[in-house]
Amino acid sequence: MIYKISDNIISSLGFSSEEVYQKVKSGISLGKLHAGVFPGVEPFYSSLLNWEAVNQETVKLFSDGMKYTPFEKIAILSASKAIESAKIDPSSSSVLFVLSTTKGNIGLLEENGGYEEERIHLWRSAQLIGRFFKNPNEVLVVSNACISGVSAQLLAIESMQLKGYDYAVVVGADVLSKFVISGFQSFKALSNERCKPFDAERRGLNLGEAAATIVFHRGEPSQGDVVFRGGGNRNDANHISGPSRTGEGLYNAIQNAVKEVDLSKLAFINAHGTATPYNDDMESWAIERSGLSNVPVNSLKGYFGHTLGAAGILECIISAHALADNTLLGTMGHDTFGVAKNITINKETKTCCNLMFLKIISGFGGSNAAICFEKLG
Amino acid sequence: MEKKYIHSVVRITNNQLMHNGELLLTRSAEDSSWPVEMYRGLHLQYPKFFKMDNLCKVGFLAAELAMKDVGVSPETEKPDFSVLLLNSTSSLDNDISYQQTIADETNYFPSPAVFVYTLANIVTGEIAIRHKIKGETSFYIQEKFSPATLSDVAELGFMPHKGIREMLIGWVDFLEDKCDVLLFRISVNPENSISEWTDEEVSRWYEAGVQKK
């Protein structure tokens with residue numbers, strides 16, 4: 001079986017999964033309206049990283065004289081914390097690294113910062129992350145827009161199943177830049193206040209910065225471990241920047257993920273819940289079509305914003321911690337139900353006692369993914 | 001490990017377009033728009049082509065040829081079909097175009113039509129839309145073309161629980177007029193195939209497009 005042996009989150013809420021999870025449980029978010037961070041860009045509501053603290057933490061790590069970009073710093077910081085608590089040797093060839101990101105070092109197009117030309121390439125950052133840990137395997141980058149974080153977990157897990165790796169370190173990270181924010185603003189996709197997932201008044205998404213890492217192990221799990229149960233990736237074949245109205249691809253991805261799963265054990269569905277009008281409606285269609293209308297659904301975007309390449313990993317980590325803690329997290333920002341299909345949005349954090357969660361996620365390019373985990377009782 | 005078979009292979013370099021080993025088009029001039037020239041040369045009718053970025057254009061063109069003899073129309077839904085692509089430069093060609101729209105504060109005009117193509121996996125989406133492909137779509141990035149990685153990705157794509165029978169798989173790279181595409185249509189069905197899928201075959205088709213002096 002493949003199960004999670006450790007994890008880490010570097011986010012606005014802290015630099016360890018446990019700290020971040022506890023803050024989410026207490027209903028804390030540090031999202032706010034930012035003006036003047038990137039010259040020329042209109043103000044935007046976001047959860048940004050505390051870069052001073054990141055630099056303080058990472059200065060201890062980097063004794064190799066290599067200069068790392070902010071994106072690489074948080075990816076390495078997150079991976080090294082997760083690896084440390086997993087107590088594995090990252091230089092072993094039985095450890096696979098996978099990197100999930102949408103835009104990597106794209107900020108270097110604006111301000112090159114003295115980095116070599118090839119630093120703009122995603123593979124170069126992946127290579128440097130692998131080298132930092134002296135890992136001999138090539139580090140593949142998964143670039144599947146918003147679903148990258150779940151795609152990367154599936155790539156890692158399937159590679160373990162097929163190629164026999166003992167461990168996989170799945171790292172996701174993205175930092176915000178003028179490039180990314182101006183683009184989402186041009187789409188009129190951003191809300192200027194805290195996003196409102198599945199709400200009648202939802203006006204768009206918030207962006208956030210984070211890095212997140214899960215270390216998976218192929219072996220015999222013990223009681224309490226969170227085990228991989230299934231995954232799926234399906235395309236809508238409908239539109240490059242909008243989801244299928246009826247959730248076609250996401251429904252198909254869910255069906256693939258839950259094929260061998262006992263759905264009566266499902267504690268909750270952690271949705272993408274970006275708070276854009278189309279995404280949340282589409283998810284309600286896919287959930288209803290899957291016969292899961294009565295399963296509690298939450299979205300974590302109100303706490304972190306959409307953390308792009310980190311999102312699928314970060315949200316699985318928080319969900320796994322909630323499962324372990326017998327907790328059903330609330331949907332910050334949600335007030336009045338307002339999506340197309342009658343699903344069960346969980347508004348407030350409360351206790352719960354079931355064993356599985358399903359993570360769903362969709363994005364540009366018509367991509368959809370689903371992944372299912374179970375806590376061994 | 002289930003055997004896989006190559007049914008169609010398309011190779012596009014800076015100046016040549018080949019399908020199943022046959023040279024179809026040669027670029028007329030160094031300064032022509034090579035993707036548009038190929039579109040015209042193949043006599044295609046798909047107006048959406050012109051709004052695509054170069055990466056999507058060359059991926060779309062390769063897929064048109066690779067799907068030519070698939071036996072069903074583009075409108076037929078293909079639930080057990082995947083599109084799995086890799087490259088080195090992601091969407092950098094279009095990222096540079098987008099950056100130009102925001103670089104100058106006095107001439108700031110970020111466009112959603114350009115921004116949407118700043119993600120490498122959009123090409124998998126364009127191909128999926130055109131051919132109603134509803135299986136898995138994924139885009140991976142690595143430094144250099146590697147037959148071994150491509151074989152691993154194909155292997156993962158056909159894992160039994162996914163229920164996938166056929167896929168478009170390959171390398172689609174475009175940056176500043178440098179075009180490097182190798183796209184296969186492969187299947188678990190040997191009927192009417194060109195050859196079995198092996199690392200050696202993949203290398204051979206890639207090298208077939210390397211210019212010999």
Side-chain angles (χ1 to χ4, degrees), chain A residues 39-41 99 102-104 106 109-110 120-124 126-127 138-145 147-148 151 154-155 158-159 161-163 178-180 182-189 230-241 248-249 252-253 256 259-260 363-367, chain B residues 1 52 56 77-79 82-83 86 88-92 95-96 98-99 101-105 108-144 146 149 152-153 155-156 159 161-163:
Chain A
V41 172
L99 176 64
T102 63
K103 295 313 307 168
I106 198 67
L109 280 184
E110 175 87 16
I120 193 71
H121 294 298
L122 300 176
W123 58 259
R124 179 61 178 158
Q127 201 172 60
E138 182 171 21
V139 181
L140 271 192
V141 180
V142 177
S143 190
N144 276 347
I147 76 160
S148 299
S151 279
L154 293 177
L155 173 69
E158 288 161 6
S159 299
Q161 290 168 336
L162 209 64
K163 308 271 291 180
K178 184 175 171 183
F179 187 103
V180 170
S182 65
F184 275 94
Q185 284 179 338
S186 77
F187 258 101
K188 312 235 175 290
N233 168 326
R234 287 293 182 269
N235 201 286
D236 286 330
N238 176 61
H239 197 277
I240 53 167
S241 58
E248 176 82 6
N252 289 331
N256 221 259
K259 234 182 230 173
E260 286 155 25
F364 280 177
S367 355
Chain B
M1 187 189 302
M52 295 178 195
C56 287
E77 290 208 359
K78 301 170 186 70
S82 294
V83 184
L86 295 94
S88 172
T89 65
S90 182
S91 56
L92 186 58
D95 294 355
I96 292 168
Y98 179 75
Q99 180 66 30
T101 72
I102 58 166
D104 183 355
E105 270 178 59
Y108 179 82
F109 58 103
S111 151
V114 182
F115 183 69
V116 70
Y117 288 102
T118 63
L119 290 162
N121 72 312
I122 299 299
V123 59
T124 65
E126 290 283 17
I127 294 171
I129 291 166
R130 165 61 174 165
H131 299 284
K132 299 273 179 293
I133 293 172
K134 297 197 159 179
E136 186 176 353
T137 49
S138 269
F139 205 105
Y140 305 118
I141 288 152
Q142 66 179 156
E143 182 180 5
K144 291 191 178 94
S146 152
T149 307
D152 285 348
V153 170
E155 200 65 39
L156 296 175
M159 283 172 88
H161 71 275
K162 295 185 180 178

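Because the structure is predicted, anything quoted here is derived from the model rather than measured. Proteins come first, then strands; the chains are lettered A, B, ... in the order of their sequence lines, and each starts at number 1.
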Using a cut-off of under 4.5 Å for heavy-atom pairs, which of [options] has the most such pairs with chain B?
{"options": "A:E158, A:Q161, A:E248", "answer": "A:E158"}
{"options": "A:A126, A:S143, A:P39, A:G366", "answer": "A:S143"}
{"options": "A:I120, A:L155, A:I147", "answer": "A:L155"}

Q: Begin from the C-alpha positions of B:S138 and A:V142 and carry the test side-chain contact (heavy atoms from CB on, under 4.5 Å) through to its verdict.
A: CA-CA 8 Å; B:S138 269; A:V142 177; 5.6 Å; no
Q) Which residue out of B:L156, B:L119, B:L86 racks up the most heavy-atom pairs below 4.5 Å with chain A? A)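 Going by pairs under 4.5 Å, I would pick B:L156.
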Q. Which one, B:S88, B:S111, B:G125, leads in non-hydrogen pairs under 4.5 Å with chain A?
A.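 Of the candidates given, the most pairs with chain A belong to B:S88.
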**Q.** Intermediate values then yes/no, side-chain contact (heavy atoms from CB on, under 4.5 Å), A:F179 and B:D95
**A.** CA-CA 9 Å; A:F179 187 103; B:D95 294 355; 3.9 Å; yes
May I ask you to test the [X]-[Y] pair for a side-chain heavy-atom distance under 4.5 Å?
{"X": "B:I133", "Y": "A:N235", "answer": "no"}
{"X": "B:I141", "Y": "A:L140", "answer": "no"}
{"X": "B:S90", "Y": "A:W123", "answer": "no"}
{"X": "A:F364", "Y": "B:I122", "answer": "yes"}
{"X": "A:S159", "Y": "B:D152", "answer": "no"}

Q | Donor-acceptor contact below 3.5 Å, side chain A:K103 vs main chain B:T118 | A |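 Yes, because the side chain of A:K103 sits within donor-acceptor range (under 3.5 Å) of the backbone of B:T118.
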Could you look at [X] and say if it's the side chain, the backbone, both or neither that has a heavy atom under 4.5 Å from chain A?
{"X": "B:S91", "answer": "side chain"}
{"X": "B:H161", "answer": "both"}
{"X": "B:L92", "answer": "side chain"}
{"X": "B:Y117", "answer": "side chain"}
{"X": "B:E105", "answer": "side chain"}
{"X": "B:K162", "answer": "both"}
{"X": "B:F139", "answer": "both"}
{"X": "B:I96", "answer": "both"}

Can a salt bridge be assigned to the pair [X] and [Y] using a cut-off of 4.0 Å between side-chain N and carboxylate O?
{"X": "B:E136", "Y": "A:R234", "answer": "no"}
{"X": "A:E138", "Y": "B:K144", "answer": "no"}
{"X": "B:K134", "Y": "A:D236", "answer": "no"}

Would you mind checking which part of [X] comes under 4.5 Å of any heavy atom in chain B, side chain (CB onward), backbone (N, CA, C, O), both or neither?
{"X": "A:S148", "result": "neither"}
{"X": "A:V41", "result": "both"}
{"X": "A:K188", "result": "neither"}
{"X": "A:A145", "result": "both"}
{"X": "A:K259", "result": "side chain"}
{"X": "A:N238", "result": "backbone"}

Q.
Can you classify the ring geometry of A:F184 versus B:F115 as parallel (below 30°), tilted (30 to 60°) or perpendicular (above 60°)?
A. perpendicular
Q | Identified side-chain hydrogen bond (donor to acceptor under 3.5 Å, both in side chains) partner of A:S367 from the options B:T124, B:N121, B:T137 | A | B:N121
Q: Quick one: pull up OH in B:Y98 and CD1 in A:I106 and give me the separation to the nearest 0.5 Å.
A: 10.5 Å
Q: Determine, stepwise, if the pair B:F109 / A:S186 fulfils side-chain contact (heavy atoms from CB on, under 4.5 Å).
A: CA-CA 9 Å; B:F109 58 103; A:S186 77; over 6 Å; no
